[in-house]
Each structure stands twice: as structure tokens, then as C-alpha cells.
Asks: 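Before I ask anything, here is the structure I am working with.
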Amino acid sequence: MTAKDSSWLDLYQTLLDAWGPQHWWPADSPFEVMVGAILTQNTAWSNVEKAIGRLRQAQALTVSAVLKARDAELEEWLRPAGYFRVKAKRLRAFCQFLEEQGVAEQPQLLGLDLETLSLRALLLGVHGVGEETADSILLYALGRSIMVVDAYTRRIGSRLGWVGASIGYKDLQGVIEASLPTKSGVPLRKEFHALLVSLGKEHCRPRNPRCHRCPVQAFCRYGQGVSDQGRVRAD
DNA sequence: ATCCGGACGC
DNA sequence: GCGTCTGGAT
């Protein structure tokens, strides 16, 4: 047990102390979380909200309604979320999957008899569901204890000097999971991922990071004048 | 490595 | 106008 083994947990605690709970995932039902997880792929959440609003307006926020809709209709509802043709296919494929699993009426019952990792593998078999989307569904819609990692997490970990910038999804997830408690960790993981997204948006941005009032500055070599390339910054 | 894409902040 | 947005498939 080195000091570094608990650094991700320290990061979580520091962010939570600074900002408090982020109240993720905003949705009225587990199915709405699943829909949001697919629609938010590489897309700003504000645009996803519009698309979900259109689905709700059309009373199409159910598995059966999505499956009954025509392609052009579904695409029009999803348009504000971008990639609307791609996402219409993915949402339809996901709803077909829920129907095949016999949970079209109660999507929150998906995989009740399965271990988390088995259910994860099942989700990854659905067209349009990759690792981050699968884990978002597992954690936020189905209440499974699994850490969601993303581009923000990778950038933050890299700038903190804890992982390589090109670390793969599973490796990054493994490193973080190793430092988190396994017991009653669902609320922690929900908050941690949400806090990392906030940090990535507000301070640890891709370009022009705002290190000035960053709550994690004390941990960070970047904030101490070192750039992504390991050189001292000019500013 | 490229494509998908509208909405938003700057 | 440009870069970016709670990625995944080809």
C-alpha cells in the first residue's frame, strides 16, 4: 500500500468537499437514463435534454413507442442531439434488445439474475453500446457498483501524473477501482464520476486549463507550472 | 484514422 | 467562424 493507492479516493473527497453532490443522473426513470446514455455520446447534455424532451412530447419515451416509430420520425425527435441517424439506429437496437430480454415494460429489471460483469458483457453486445455507455447504464440506471471513466477522467489522471495519457479504458477503470471501497460504493461512484466531469469542464479543460482556482491544484504538477508535455509552461 | 452532426460558448 | 460536447462503429 503506497501513498498513491489512495490518491483517487483523496481526489474524490477533495472535490466533494469543494462542490458537494452533483445530483446525477438527471432523469425520471431508469429507462430515461439508458436513453440519455446513448444520446449523450460525444454530445453536450443540453442537446440531449432537448431530444429527450421531444421524445416525451411525442409520448415516445418507452420501448414499445420507439420500436413502433418510423425511422424518419425517430430521427426527427433525436435531431437536436446530433448524429441523429446513427443514434436512431442505436436507440432502436437497444430497445429491441430490451424487448428480447423480456423487460420492455420494466427496463429497470434488466439482468436481475446476472452478475455485474456478465450483464456488462451482454450490454456490450448491443450495437451502439461501448464501454462507457455500458458502464453508465450499469451505474446510473441499474445501480451496479462500477466506475464510469471517460475522456475527462483520462485527462485529469494524466495531468495529475497518475496515469499515461493514452491509457486504455479498462486499465484506467482498474486503477481507479483499486483505490475505491467495494462496499456501498454505488453513491460514491455516481458522485465521483459527476465530480470529475465538472472538474474537466470547469478547470481541467483540454485547452486553456483554468488552474487558478482549481480545487485540486495542491495535488497537481500541471498547476505547479508543468505542461502536458512535461515542460514548464510559458505563462 | 475517419466518419457521424446539431447546438452551444467563445 | 471555430472548437467542443458525459463515444462508438467502420
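Below, chains carry the letters A, B, ... as their sequence lines are ordered, and counting in each starts from 1.
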Asks: Quick test of your reading: applying salt bridge (charged side-chain N to carboxylate O under 4.0 Å, His left out), list the pairs with at least one residue in residues 122-149 of chain A, sequence neighbours left out, ordered by first then second residue.
Replies: A/Arg120-A/Glu131, A/Arg120-A/Asp135
Asks: Please report the distance separating the C1' of C/dT4 from the corresponding atom of B/dC4, rounded so that it comes out in whole Å.
Replies: 15 Å
Asks: Could you list the donor-acceptor pairs under 3.5 angstrom formed between side-chain atoms of residues 98-112 of chain A and any protein atom two or more places apart in sequence or on another chain?
Replies:
none

Asks: Give me the distance, rounded to whole Å, that separates B/dA7 from C/dA9 when you measure between the P atoms they each carry.
Replies: 25 Å
Asks: Using a 3.5 Å cut-off and no angle test, enumerate the donor-acceptor pairs between side-chain atoms of residues 45-52 of chain A and protein atoms at least two apart in sequence or in another chain.
Replies:
none

Asks: Show me the pairs that pass side-chain hydrogen bond (donor to acceptor under 3.5 Å, both in side chains) and involve residues 16-25 of chain A, at least two apart or across chains.
Replies: A/Gln22-A/Ser198
Asks: Going 5' to 3' along nucleotides 5-10 of chain C, which nucleotides have protein heavy atoms under 4.0 Å from the base (write B), which only from the sugar-phosphate (write S), and which from neither (write -)?
Replies: BBBBS-
Asks: Which of these, A/Lys89, A/Arg85, A/Lys87, A/Arg92, sits in a salt bridge (charged side-chain N to carboxylate O under 4.0 Å, His left out) with A/Asp71?
Replies: A/Arg92
Asks: Output the rounded distance in Å from NZ (A/Lys87) to C1' (B/dC4).
Replies: 9 Å
Asks: In whole angstrom, what separates A/Arg79's CZ from B/dA7's P?
Replies: 8 Å
Asks: Taking C/dT10 as the reference, what is the distance to B/dG6 when you measure between their C1' atoms (whole Å, please)?
Replies: 22 Å
Asks: Under 4.0 Å between any heavy atoms, over every strand shown, what does A/Ala37 touch: base, sugar-phosphate, or nothing? Just pick one.
Replies: nothing
Asks: According to the ring-ring contact (aromatic ring centres under 6.0 Å, His included) rule, which pairs have a member within residues 99-136 of chain A, sequence neighbours left out?
Replies: none
Asks: Between A/Glu202 (CD) and C/dT4 (C1'), how many Å, whole number?
Replies: 14 Å
